[in-house]
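First comes the structure, then the notes that go with it.
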Amino acid sequence: LLPLVLIAEDEPYIVESLTFLVERAGLAATTAKDGELALQAIRNLRPAVVVLDIMLPVVNGMEVLRAVKGSPDLRNIPVLVLTARGQENDRQTALALGADGFITKPFSNRAVVEQICALAGLVGGGPAEGPASKGAPT
Amino acid sequence: LRQARRERGLTQAALAAKVGISPSYLNLIEHGKREVAGTLLIRLAGTLGLEIAEMTGVETTRLVHDLGEIAADPLLGGLGIGAEEASELVGRHPAWGRAMVKLHRSYRAASTLAQTLAERLSQDETLLQASHELLTRMTSVRSFAEILRDHPDVDGDRRARFTASIAEESAKLGLIAKALFDRLSEFGEAGPPTTPAEEVDDFIADRGNHFPELEAAAEAMAAQFSDGRIGVAKLVERLRRNGVRVAERREAGELLRDQWFDAGEWMFRLTQGAAPASIRFEMARALFAVEQPALIERAVAAARLNSEEARRRAGRALCGYGAGALLMPYAEFRKAAEAYRYDIDRLGAIFAASFEQICHRLVTLRRPGDEGIPFAFLRIDPAGNISKRFGLPDLRLPRHGGVCPLWAVYKALEARGALVTQRARLSDRREFLFVARSVCRSPTAFGAPAATYSIMLGCEAAYVGRFIYGDGLSAAPGLTLETGVNCHLCPREACAQRAFPQVLAPT
């Protein structure tokens, strides 16, 4: 079974490109278009990595992050936070809440794929040999 | 007290004797170790010829208090300013004390304004929303573009969908960018206060440098003159018919520009020795003020001007516009301008007007359907102060500070009256033709100062065929001046004349 990446993002085009990139990197992708759906998916599917946009409808990304990192059950799931460039406050808040990585929009595909793979325990931009280990967040 | 005593040449002993106290007691009072009140206060005030209020020092107390606050300002920390010296400073140099308080107040006001503007910018919902949208669209465009570049094997269907998404998102980007710029320019309009001169420049620029109602009034006025040039004699006669006294002014010394016509006295002062073109122009300006007061008043009232000074300046500028229109009638002037390819000297000879008056009139040739070449106009003094500026949509002249020191307008100061022409290419690749000359208002008497200005016209290089000053200016790369509007906006790092780093450095 391929490691699963949850893409929590409300912009359909960004979802489409991230899904493509994740799949090309040899991982499986699932999506959630708001914060509530994202939390449900995290609880039910236990993804290998969550790519989390901050500006999400219903429950915003920061609250999702707080819930994940505040839950003993979920806190080991690595979360890569996506935010618009220049919002330094967001970055600091996200890191304080325990985010495992941080990417600013507009991102380069390579950077985002590298981070996702690293958090999923894969090396580089392609599928790793052997089963992927769910390493603890660094 | 000590200051006043010393100024009057009295010793402590002498003053003490006069008011009937011991010198040592006076000494204590002077050092602020004893209060002084009642009859002694009155006696001291009387003896020194001071007001009681000066002695009781209500203002002094406030000043000392204010200075104490200033001393506590973290900005001045580490300078070793003690509040204790404040009373000494106020005692000895009250004017300096007041100056410091005034300076500190304006500094605080300016910082507050800057902070308010910064906060408004950072919390503006429209801006935040637009920036977020912009980054979101850019993200998908970039991501799809990189996919197409890095994954040549993407199947045809997907490829087509990605390409269509890029096109769609790019179109949205354009709209968002426009919304952003619109919002930012609204900020510019509601920005910090401007000087009266800037307000008037803005008002004239907002009206596109053309006032049809003044043109019409000038044409009607001109029709009432007999045929031939409107010379000084005709203007004097017409002013007198309006009841204006025209007096020759014999005192030496330069007359300030707006002292020619005294609306209160209803008198025109004719300065001996002034240039004939100036006399004629100022008379026409006065005549416009005398015959068209309602028109001027309406135009000024319609302008959104914030101060009495700005309204006064605007009225004067509009009368000057009317004078130009009266002495250089639109149709005739425009025809001559085209015929002689905007040869300023030739037009000056035909219309008996100065270089500056011709340049100014050329800028106003914006009658819809009958426009002349669109010109930018600049007037600077030898210190580089810009006293008049009209930009073009693609050649915006900064409100503060000078322009590029390589421009003809500065070179003309060195050329002392010779024409300087230039072809300039700005950092956005747009090209302009510049023509400039320095002009000197000669002193009217020994000891009276002369005034030097440099005046420049600029137009887009596309008008080269209609503009005589473009002749002989090569468009070859090495012969065209590579420039920016000023250092802050210019990307040419290697320029020998660079005075400031570029503000918006490329990322």
For this session: Find the distance between OG (B/Ser165) and CD1 (A/Ile14) and round it off to the nearest 0.5 Å.
Result: 11.5 Å
Seminar exercise, completed: So CZ of A/Phe107 and CG of B/Leu135: to nearest 0.5 Å the spacing works out to 11.5 Å
Problem set entry | Enclosure of B/Asp157 CG (heavy-atom neighbours >12, cutoff 6.0 Å) | no
Exercise. Would A/Glu16 and B/Arg161 pass as an ion pair if we require N to O under 4.0 Å?
Worked result: yes
Problem set entry | B/Lys172 atom NZ, neighbour heavy-atom count above 12 within 6.0 Å | yes
Exercise. Which heavy-atom pair separates B/Ile147 from A/Ser17 by the least distance, and what is that distance?
Worked result: CD1-CB, 3.8 Å
Exercise. Ring centres of B/Phe144 and A/Phe20 under 6.0 Å apart?
Worked result: no
Exercise. So which part of A/Leu21 gets closer than 4.5 Å to some heavy atom of chain B, the side chain, the backbone, both or neither?
Worked result: side chain
For this session: Start with the C-alpha gap between B/Asp153 and A/Arg24, add the side-chain angles, then the distance that decides, and say whether side-chain contact (heavy atoms from CB on, under 4.5 Å) holds.
Result: CA-CA 11 Å; B/Asp153 59 319; A/Arg24 278 296 173 115; 2.7 Å; yes
Problem set entry | Worked check of salt bridge (Lys or Arg N to Asp or Glu O under 4.0 Å) between A/Arg110 and B/Glu146 | CA-CA 9 Å; A/Arg110 177 198 290 270; B/Glu146 287 185 5; over 6 Å; no
Problem set entry | Pair B/Arg142-A/Lys105, side-chain contact (heavy atoms from CB on, under 4.5 Å): steps then yes or no | CA-CA 10 Å; B/Arg142 179 175 179 182; A/Lys105 294 177 187 174; over 6 Å; no
Exercise. Which pair of non-hydrogen atoms, one from A/Pro106 and one from B/Thr139, has the smallest distance, and what is that distance?
Worked result: CA-OG1, 3.3 Å
Exercise. Got a sec, which residues hit side chain to side chain contact (heavy atoms under 4.5 Å, CB included) with B/Val101, two or more places apart in sequence or on another chain?
Worked result: B/Leu63, B/Asp66, B/Leu67, B/Ile70, B/Arg105
Exercise. Relative to chain A, which of B/Glu169, B/Glu168, B/Met138, B/His151 shows the most heavy atom pairs under 4.5 Å?
Worked result: B/His151
Problem set entry | Which portion of B/Val141 sits near chain A, non-hydrogen atoms under 4.5 angstrom | neither
Problem set entry | Residues which pass side-chain hydrogen bond (donor to acceptor under 3.5 Å, both in side chains) with B/Arg430, listed by chain and number, not counting sequence neighbours | B/Asp394
Problem set entry | B/Glu482 atom CD, over 12 foreign heavy atoms within 6.0 Å | yes
